[in-house]
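Not measured: the values here are computed from a predicted model.
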Amino acid sequence: VSDKGIIGQIKTALSESGISNPFAQIAILANIKKESNFVPKSENLKGYANTSNDRIREVFTKRASKY
């Protein structure tokens, strides 16, 4: 799939999600370009499932202290 195909798909998805402002779309596309060069990558869906509570508290300090 070419970059134009991917960009078109992203713009369509943005519009369908209610993000139709062209400046917002450009900003989002620029971010995607910088982070992945438009190469699809999977995300780790487990999040912090395998992270110890101590490590979470260390990273997030006060924000995680109540958990």
Side-chain angles (χ1 to χ4, degrees):
V1 179
S2 69
D3 280 355
K4 288 184 179 181
I6 291 170
I7 292 170
Q9 290 175 7
I10 294 169
K11 288 178 74 175
T12 298
L14 290 171
S15 294
E16 289 174 354
S17 298
I19 303 171
S20 57
N21 180 303
F23 296 109
Q25 288 186 353
I26 290 168
I28 292 167
L29 288 167
N31 193 31
I32 294 169
K33 170 75 173 166
K34 177 70 175 170
E35 291 188 9
S36 69
N37 200 27
F38 296 107
V39 176
K41 298 179 181 183
S42 63
E43 295 286 333
N44 179 0
L45 299 178
K46 293 182 181 180
Y48 295 98
N50 296 321
T51 306
S52 72
N53 289 337
D54 288 336
R55 176 65 180 148
I56 292 171
R57 288 184 188 104
E58 178 184 338
V59 171
F60 293 101
T61 61
K62 295 177 184 176
R63 293 174 286 168
S65 63
K66 62 183 175 184
Y67 299 107

Participant: Is the side chain of Ser36 donor-acceptor paired with the backbone N or O of Phe38 at a distance under 3.5 Å, no angle test?
Facilitator: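 Between the backbone of Phe38 and the side chain of Ser36 there is a qualifying donor-acceptor contact (under 3.5 Å).
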
Participant: State, to 0.1 Å, how close Val59 and Arg63 come at their nearest heavy-atom pair, and which atoms those are.
Facilitator: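 Minimum heavy-atom separation between Val59 and Arg63: O-NH2, 4.3 Å.
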
Participant: Taking Asn21 for the side chain and Phe23 for the main chain, is one N or O donor matched with an acceptor at less than 3.5 Å?
Facilitator: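 Here the side-chain-to-backbone pair exists.
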
Participant: Can you get from Ile19 to Ile10 by hopping between Ile, Leu, Val, Met, Phe, Trp and Tyr side chains that sit under 4.5 Å apart?
Facilitator: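 Yes, same cluster.
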
Participant: Ignoring hydrogens and angles, state whether a donor on the side chain of Gln25 or Ser20 is under 3.5 Å from an acceptor on the partner side chain.
Facilitator: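 Judged by distance alone, the side chains do not pair up.
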
Participant: Can you tell me how far the CD1 atom of Ile32 sits from the NZ atom of Lys34, to the nearest 0.5 Å?
Facilitator: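 Result: 14.5 Å between the selected atoms.
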
Participant: In Å and rounded to the nearest 0.5 Å, what is the CD1 to CG distance from Ile6 to Asn37?
Facilitator: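 One finds 9.5 Å between CD1 of Ile6 and CG of Asn37.
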
Participant: Taking only residues two or more places apart in sequence, or in another chain, which ones meet Thr51 in a side chain to side chain contact (heavy atoms under 4.5 Å, CB included)?
Facilitator: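 Side chain to side chain contact (heavy atoms under 4.5 Å, CB included) check on Thr51 returns Tyr48, Arg55, Ile56.
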
Participant: Measure the shortest side-chain to side-chain distance between Thr61 and Arg57 over non-hydrogen atoms and say whether it is less than 4.5 angstrom.
Facilitator: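 Not in contact.
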
